[in-house]
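To start, the structure itself, in structure tokens.
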Amino acid sequence: MKAIVITKKGGPEVLKIKEVEQPIPVRNQVLIRVIAAGVNRSDVLSRSSKSYGEEVQDEVPGLEVSGEIEALGPDVKRWKKGDKVCALVAGGGYAAFKAVDERLCLPVPEGFSFEEAAALPETVFTVWYNIFRTSGFKAGENFLVHGGTSGIGVTAIQMVVAMGGNAYATAGTAEKCRVCVELGAILAINYKEEDFVKLLKPVGIDVILDMTGGDNTLKNLEILNTDGRLVYINAMNGARSEIDIVQVMSKRLQITGSMLKPRDNDFKAGLAEDIERIIWPLVTNGKIKPVIYRVFPLADAADAHRLMEGSSHIGKIILKIEDGI
Ligand SMILES: NC(=O)c1ccc[n+]([C@@H]2O[C@H](COP(=O)([O-])OP(=O)(O)OC[C@H]3O[C@@H](n4cnc5c(N)ncnc54)[C@H](OP(=O)(O)O)[C@@H]3O)[C@@H](O)[C@H]2O)c1
């Protein structure tokens with residue numbers, strides 16, 4: 001089958017389309033004929049950064065796919081050939097076929113295109129895991145996401161609002177801030193022009209989802225309410241920060257973080273169950289919508305990565321796999 005592979009660590013040009021072996025679904029796996037695949041920042045980091053794994057050769061990136069079930073491995077209970085699904089995968093999504101644990105598939109919501117369905121799994125699972133499961137976010141609480149128009153940000157704002165929370169965001173341009181508000185944020189702050197601490201300290205934030213780290217760490221601790229939770233999913237602006245432990249103690253703050261990709265399938269299947277029960281109805285009724293910035297043919301994955309690295313996008317970048325690629 002055709003797939004995009006990371007031929008070695010480097011710039012977008014190391015992504016090449018190649019003929020690779022088609023996976024065979026084993027016990028409890030379905031084989032998906034992939035029609036669309038989401039692009040995530042993690043794919044860019046896997047391609048370019050040694051801290052995301054040592055030198056690789058011909059690794060297929062991609063953490064989320066949508067498509068039709070082509071074949072079933074032994075003991076598959078839920079799905080049948082031809083079912084339309086989207087799925088969370090731990091690599092291998094930029095390919096014509098992907099074998100995946102049947103528990104990590106969700107039905108393509110009624111009326112959704114495959115591109116829209118592929119825009120959901122990675123961000124919905126990550127947001128559910130970190131904000132709702134780990135931090136125990138509750139209706140009525142105040143929530144802040146940095147990178148409000150990242151793929152993660154657009155999902156986080158909508159999920160929090162749909163679950164009865166008050167969303168705030170930071171983003172790097174006025175247009176990005178406008179979109180955050182359109183998605184339901186009460187206030188979105190262009191951090192390049194305004195001080196989010198000044199604006200959000202009087203509000204008081206209960207849960208922060210942070211992918212930036214760096215200089216924002218102390219600022220985050222300052223705006224958190226008593227019993228506030230700070231959840232890291234990356235540290236794009238620096239992994240090391242000095243904190244005031246007394247501030248953490250006096251406000252009883254919780255600082256935590258996680259990585260979804262290395263978690264095992266049993267753990268992810270637990271997330272999938274909650275998501276299908278609680279979040280999927282909100283997706284189906286339009287309260288949570290995929291936000292797609294641009295769709296590229298699979299063969300142009302390098303251009304999709306260039307766009308993501310430029311950070312001008314708002315929402316998700318998707319790869320479309322046509323017949324014969
Ligand atoms: N731990 C996990 O399990 C997990 C799972 C999924 C995603 N993530 C992380 O969540 C983040 C968002 O992922 P995504 O796929 O949604 O990314 P994305 O769409 O590419 O968005 C990233 C956004 O972050 C902002 N940003 C702030 N500092 C940046 C920097 N130093 N370099 C580049 N961008 C910077 C940019 O927006 P502005 O212009 O507004 O600054 C950019 O648009 C990534 O860091 C990713 O690694 C982690």
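Heavy-atom basis, side chains included; hydrogens, waters and symmetry copies ignored. On a predicted model such as this, the values are computed, not experimentally measured, just so you know. For this chain, numbers begin at 1 and follow the sequence in order.
Applying the side chain to side chain donor-acceptor pair (under 3.5 Å) test to residues at least two apart or on different chains, the pairs with a partner in residues 133-149 are Arg133-Asp274, Glu141-Arg229, Asn142-Asn166, His146-Thr170, His146-Asn220. Residue pairs meeting the ring pair (Phe, Tyr, Trp, His ring centres under 6.0 Å) criterion with at least one partner in residues 203-254, sequence neighbours excluded, are absent.
There is a path of hydrophobic side-chain contacts, each under 4.5 Å, that joins Leu221 to Leu200. Linking Ile, Leu, Val, Met, Phe, Trp and Tyr residues whenever their side-chain heavy atoms come within less than 4.5 Å leaves Tyr191 and Val181 in two separate clusters. Connection of Val145 to Leu218 is not established within any shared hydrophobic cluster, with ILVMFWY side chains joined at heavy-atom distances below 4.5 Å, either directly or through further cluster members. Cluster annotation: Tyr168 and Val179 are assigned to distinct hydrophobic clusters (Ile/Leu/Val/Met/Phe/Trp/Tyr, side-chain heavy-atom contacts under 4.5 Å, transitive). In the hydrophobic clustering of ILVMFWY residues, with side-chain heavy atoms under 4.5 Å counting as a link, Leu319 and Val291 come out together.
Other residues, nucleotides and ligands contribute only 12 or fewer heavy atoms inside 6.0 Å of the NZ atom of Lys287. Around atom CD1 of Ile278, more than 12 heavy atoms belonging to other residues, nucleotides or ligands sit under 6.0 Å away. Around atom CG of Asp227, more than 12 heavy atoms belonging to other residues, nucleotides or ligands sit under 6.0 Å away. Within a 6.0 Å sphere centred on CD of Glu21, heavy atoms belonging to other residues, nucleotides or ligands number 12 at most. Annotation for Glu110: atom CD does not count as buried by contact number, only 12 or fewer foreign heavy atoms lying within 6.0 Å. Annotation: Glu273, atom CD; neighbour count of heavy atoms from other residues, nucleotides and ligands within 6.0 Å does not exceed 12.
Residues passing the side-chain contact (heavy atoms from CB on, under 4.5 Å) test with Asn234 are Leu45, Tyr52, Met211, Met236, sequence neighbours excluded. In terms of the side-chain contact (heavy atoms from CB on, under 4.5 Å) criterion, residue partners of Glu309 (sequence neighbours excluded) are, by chain and number, Pro12, Val44, Arg47. Listed by chain and residue number, nothing satisfies the salt bridge (charged side-chain N to carboxylate O under 4.0 Å, His left out) test with Asp210 (two or more places apart in sequence, or in another chain).
Atoms CG and CZ, on Leu224 and Arg252 in that order, are 13.0 Å from each other to the nearest 0.5 Å.
Taking every heavy atom of both residues into account, Ser42 and Leu63 meet most closely at OG-CD1, 3.7 Å. Between Ala167 and Val160, the shortest heavy-atom contact is CB-CG1, 4.2 Å. When all heavy atoms of Met308 and Arg41 are compared, the closest pair comes out as O-NH2, 3.0 Å. Here the shortest heavy-atom pairing between Pro61 and Ile4 reads CD-O, 3.3 Å. For the residue pair Ile157 and Gly148, the shortest heavy atom distance occurs at CD1-O, 3.6 Å. Across all their heavy atoms, Leu209 and Ile233 have their closest contact at CD1-CG2, 3.9 Å.
Lys16 has no carboxylate O lying under 4.0 Å from a charged side-chain N of Asp58, or vice versa, which leaves the two without a salt bridge. Salt bridge status for Arg178 with Glu175: present, with a side-chain N to carboxylate O gap under 4.0 Å. No salt bridge links Glu102 with Lys77; every basic N to acidic carboxylate O contact stays at or beyond 4.0 Å.
Side-chain contact between Asp266 and Arg103 is present, with at least one heavy-atom pair separated by less than 4.5 Å.
Partner of Lys316 under the salt bridge (Lys or Arg N to Asp or Glu O under 4.0 Å) criterion, out of Glu115, Glu122, Glu64, Glu116: Glu64 alone. Each of Lys84, Lys81, Lys80 was scored for a salt bridge (Lys or Arg N to Asp or Glu O under 4.0 Å) with Glu68, with one residue passing: Lys84.
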I'd like to know whether Trp280 forms a side-chain contact (heavy atoms from CB on, under 4.5 Å) with Leu120, so could you lay out the CA-CA distance, the side-chain angles of the two residues, the decisive distance to 0.1 Å, and finally the verdict.
CA-CA 10 Å; Trp280 234 232; Leu120 294 169; 3.8 Å; yes

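The hydrophobic cluster containing Ile292 also includes Val295, Ile318, under a criterion of side-chain heavy atoms closer than 4.5 Å among ILVMFWY residues, counted directly or through chains of members.
Looking at Asp206 and Asn225, their side chains do bring a donor and an acceptor atom within 3.5 Å of each other.
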